[in-house]
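Down below is the structure, laid out as structure tokens.
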Amino acid sequence: MENGAAQPVIVAIDGPSGTGKSSTSKAVAAQLGLSYLDTGAQYRAITWWMVTSGIDIEDPTAIAAVAGKPEIVSGTDPLDPTISVDGTDVAAAIRTQEVTSQVSAVSAVPEVRSRITELQRSLAAAAEQGIVVEGRDIGTTVLPDADLKVFLTASAEARAARRSGELKGADVAATREALIKRDAADSSRKTSPLAKADDAVEVDTTELTLAQVIECVVTLVEEKRAGK
Ligand code: DC
């Protein structure tokens with residue numbers, strides 16, 4: 001394709017927790033000179049705001065009523081992704097166990113999803129070179145016209161082992177249970193659940209190194225840009 005490299009390219013990377021989505025997406029974006037968006041961080045940020053504002057997480061109506069209030073800003077440089085809420089840097093605060101255990105409930109509320117989806121679409125539209133967007137519903141709902149959709153999977157054991165490593169020696173069995181519970185909640189919610197788009201390329205990362213997954217996705221993007 002003539003001038004293919006100059007076309008903005010939109011890449012959607014979905015899958016459950018612990019499949020290497022973030023590491024892969026960041027590295028692919030950095031290698032190809034694209035922007036990067038971690039949509040899980042946005043759902044974690046709005047959850048952090050709900051928790052610190054004293055909103056009852058068990059009450060979807062209360063969550064829906066204030067879903068438009070916090071101002072969530074994502075920096076999309078893959079070498080320095082940032083996330084803030086009302087001007088406060090929450091990059092560390094959104095990774096606590098408290099936020100992780102509440103995020104599925106908050107992100108299941110339709111008003112939260114429509115608010116965050118709007119932000120995601122405007123960031124994707126503003127990315128001049130293109131963007132890698134990682135999440136759960138990017139290929140199915142947020143960016144259904146993405147140039148490339150990838151769905152990463154891995155066995156529950158591999159995912160729990162990776163997450164435990166990231167959490168510096170956390171108990172693998174407990175991490176596995178928590179992951180399975182969160183994935184079940186994310187996959188069974190009514191509004192845009194975790195799902196593979198029909199036209200997504202599925203990559204099982206169980207037996208692959210991170211470098212191999214990155215190489216695989218970079219190759220898929222380059223093939224798309226070259227018009228196959
Ligand atoms: O990728 P992560 O583990 O940081 O995501 C945290 C939670 O956010 C995840 O359990 C479900 C929710 N999420 C979502 O509902 N839709 C997305 N596109 C991304 C994340």
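All values below come from the heavy atoms of this structure, side chains included, with hydrogens, waters and symmetry mates left out. Ligands are counted one by one from 1 in listed order, and the atoms in each one are counted from 1 as well.
- Partners of T117 according to the side chain to side chain donor-acceptor pair (under 3.5 Å) rule, which considers only residues two or more places apart in sequence or in another chain, do not exist here.
- T19 places a side-chain N or O within donor-acceptor distance of the main-chain N or O of P16, the cut-off being under 3.5 Å.
- Ligand 1 places these atoms under 4.0 Å from at least one heavy atom of R44: 2 (P), 3 (O), 4 (O), 6 (C).
- Close contacts of ligand 1 with S104, meaning ligand atoms under 4.0 Å from a residue heavy atom, involve 10 (O).
- Protein heavy atom closest to atom 11 (C) of ligand 1, with residue, atom name and distance, is D186 OD2, 3.2 Å.
- Closest to atom 12 (C) of ligand 1 among all protein heavy atoms lies S107 OG, 3.6 Å.
- Remark: of the listed residues T153, T206, D183, T205, D183 is the sole one forming a side-chain hydrogen bond (donor to acceptor under 3.5 Å, both in side chains) with R159.
- For ligand 1, the atoms lying closer than 4.0 Å to a non-hydrogen atom of R113 are 14 (C), 15 (O), 16 (N), 17 (C).
- You'll find the side chain of R182 reaches within 4.5 Å of the side chain of V103, heavy atoms only.
- Of all protein heavy atoms, the one closest to atom 1 (O) of ligand 1 is R136 NH1, 2.9 Å.
- Under a 4.0 Å heavy-atom criterion, R189 is in contact with ligand 1.
- R136 places none of its side-chain heavy atoms less than 4.5 Å from the side chain of P193.
- More than 12 non-hydrogen atoms from other residues, nucleotides or ligands lie less than 6.0 angstrom from CD of E177.
- For ligand 1 and R182, the ligand atoms under 4.0 Å from any heavy atom of the residue are 3 (O), 5 (O), 6 (C), 7 (C), 9 (C), 10 (O).
- Within ligand 1, counting atoms from 1 as listed, the ones closer than 4.0 Å to a heavy atom of Y43 are 8 (O), 13 (N), 14 (C), 16 (N), 17 (C), 18 (N), 19 (C), 20 (C).
- Ranking protein heavy atoms by distance to atom 20 (C) of ligand 1, first place goes to G40 CA, 3.5 Å.
- The closest approach between a heavy atom of E134 and any atom of ligand 1 is not below 4.0 Å.
- No more than 12 heavy-atom neighbours from other residues, nucleotides or ligands sit within 6.0 angstrom of CD on E215.
- Atoms of ligand 1 lying under 4.0 Å from at least one heavy atom of G135, given by number and element, are 18 (N), 19 (C).
- By the neighbour-count criterion of 12 heavy atoms within 6.0 Å, atom CG of D199 is densely surrounded, having more than that number from other residues, nucleotides or ligands.
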